[in-house]
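All figures in this text were calculated on a predicted structure; none of them were measured in a lab. Chain letters run A, B, ... following the sequence lines, proteins first and then strands; every chain starts at 1.
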Amino acid sequence: MLVGKVITSASVFWPGTLEKISAEQFMLSIRNQKILAVLRWAKYIDLQFSDFHVFIHLRMSGDLVIKEHPYSPEKHDRIVFTMEDGNFLVFNDTRKFGRVWLTSNPEDVIGNLGPEPFSPDFTPAELHAKLISHHRMIKPLLLDQSFLSGLGNIYSDEALFLSKIHPQRNSDTINLDEAVRLYQAIQVVLNNGIEHNGASIDWVYRGGSFQNHFHVYARENQPCQFCGTPIIKIVVGQRGTHFCPVCQPGIPSGHF
DNA sequence: AGGGAAACCCGAACGC
DNA sequence: TGCGTTCGGGTTTCCC
C-alpha cells in the first residue's frame, strides 16, 4: 500500500515527535523520496528509503493512517506526509508519546533490541538460558526490550498469568518447565493480540478488541477465570501489575 | 548490575 | 459547576 509511493513533502506539527533531528532537516530530507519497503522491528515501524530509514514508534496513543485527498489536518495530527498520488500518510498521536526517527544508521534506533518472540532462532531453551543469566524480577525483565523485544505491559501480565509465574519471581529461579510454559504463553498472547487487532485501553480508542479477552490485565478484584480468586494489582518496577495470587504463587512478601 | 524515581504527555474520571 | 488530583502507556536518564 505504501511501497513505491513518493513523499512529496511533510508537515511537522509537533517537533517533539522527532528524535535527534530538527523539523526543518526532517522535512528537507524526506522531500521527493520514495518508500522502498515497509518493515517492522518489534514495536518499531521501518519505512525504508534509498538513503535512510524513517522509524516510527506509536507508543500508546499513536496511529499511522492513510487519508485520501482531500484531507485537512485534525486534532492531534503530529506529522502529515503528502504523497505523490495526492493521498496523505498521517501520524496522529493524542498523548504526544510517539516518536519518529530519520537516520541512515538503523543501529542507532533498533540496534539494542533483543530477539523477536516469533523468530525461529528464539527457542524455549534460549529463553531459559537468557532468564537464568540475569538476576532480576521477571516482569521488568520481560518488559526490557533489549532482553526480548515486543512485549508491553499488557502482554507481559497476560503471559505470566498463562504460564502461572508470579511477576516478582526472580528470573534465575525459573526452571526449564516454567520457561517452556512462558515461551508458549508469549506466543499465545501475542497471537491473540494480533488476531484481535490489538487492544484499546483507557479512553484512547484506536480499534482492536483484545481488551475483551484479558485474563488479568485491568481485572483487579475480579475473579480469576481459572480459580475464582480475586485478581490482585500491585506495582512492580513502576508498572501496574495484575496477577492471580493462587494460580501464580510463590513470592516471599519481603519481610525477613 | 539491578532497581527506584522522575520525566515526557493528555484527557477521562474521580473527589471535594 | 468547577476546580484540583490521579492515572496509564514505553522509553530514557539519572541516581543509589
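Here the P atom of nucleotide dG10(C) and the NZ atom of Lys139(A) are 9 Å apart, to the nearest Å. Note: CD1 (Ile234(A)) to C1' (dG4(B)) measures 15 Å, nearest angstrom. Whole-Å rounding puts the Ile154(A) CD1 to dG10(C) P distance at 7 Å. Protein atom CG of Asp144(A) is 12 Å distant from nucleotide atom C1' of dT12(C), rounded to whole Å. Distance Leu18(A) CG to dC9(B) C1': 16 Å, rounded to the nearest Å. Distance CG (Leu142(A)) to C1' (dT11(C)): 17 Å, rounded to an integer number of Å. Taking atom CZ of Arg239(A) as the reference point, atom P of dT12(C) lies 13 Å away to the nearest angstrom. For Asn153(A) and dT11(C), the CG to C1' distance is 13 Å, given to the nearest whole Å.
By the criterion of a centre-to-centre distance under 5.5 Å and near-parallel planes under 30°, the ring of Phe97(A) forms a stack with the base of dG9(C).
Judged by closest nucleotide on DNA chain B, His134(A) is the one of His134(A) and Gln238(A) placed further toward the 5' end.
For His57(A) and dT11(C), the shortest distance from a side-chain N or O to OP1 or OP2 is below 4.0 Å. Phosphate proximity of dG9(C) to Tyr217(A): present, with a side-chain N or O under 4.0 Å from OP1 or OP2. Considering only side-chain N and O atoms, His76(A) lies nowhere under 4.0 angstrom from the phosphate OP1 or OP2 of dC9(B). Between Arg99(A) and dT11(C) there is no side-chain N or O to OP1 or OP2 distance below 4.0 Å. Distances shown here put a side-chain N or O of Lys75(A) below 4.0 Å from the OP1 or OP2 atom of dG11(B). Remark: Arg59(A) is not in phosphate contact with dT11(C), judged by side-chain N or O atoms under 4.0 Å from OP1 or OP2.
Among the nucleotides dT11(C), dG10(C), dG8(C), the one closest to any side-chain atom of Lys233(A) is dG8(C). Considering only side-chain atoms of Thr94(A), the nucleotide from dC9(B), dG2(B), dG11(B) that sits closest is dG11(B).
One N or O on the side chain of Asp93(A) and one on the backbone of Gly62(A) form a donor-acceptor pair closer than 3.5 Å.
For Asp46(A) and Arg40(A), the salt-bridge test fails: no basic side-chain N is under 4.0 Å from an acidic carboxylate O. Under 4.0 Å is where a charged nitrogen must lie from a carboxylate oxygen, and between Arg239(A) and Asp157(A) no such pair does. Using a cutoff of 4.0 Å between basic side-chain nitrogens and carboxylate oxygens, Glu84(A) and Lys34(A) are not scored as salt-bridged.
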**Message:** Walk me through whether Thr103(A) and Asn105(A) qualify under side-chain hydrogen bond (donor to acceptor under 3.5 Å, both in side chains).
**Reply:** CA-CA 5 Å; Thr103(A) 178; Asn105(A) 184 12; 5.8 Å; no
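Side-chain atoms of Arg95(A) and base atoms of dC9(B) include no donor and acceptor less than 3.5 Å apart.
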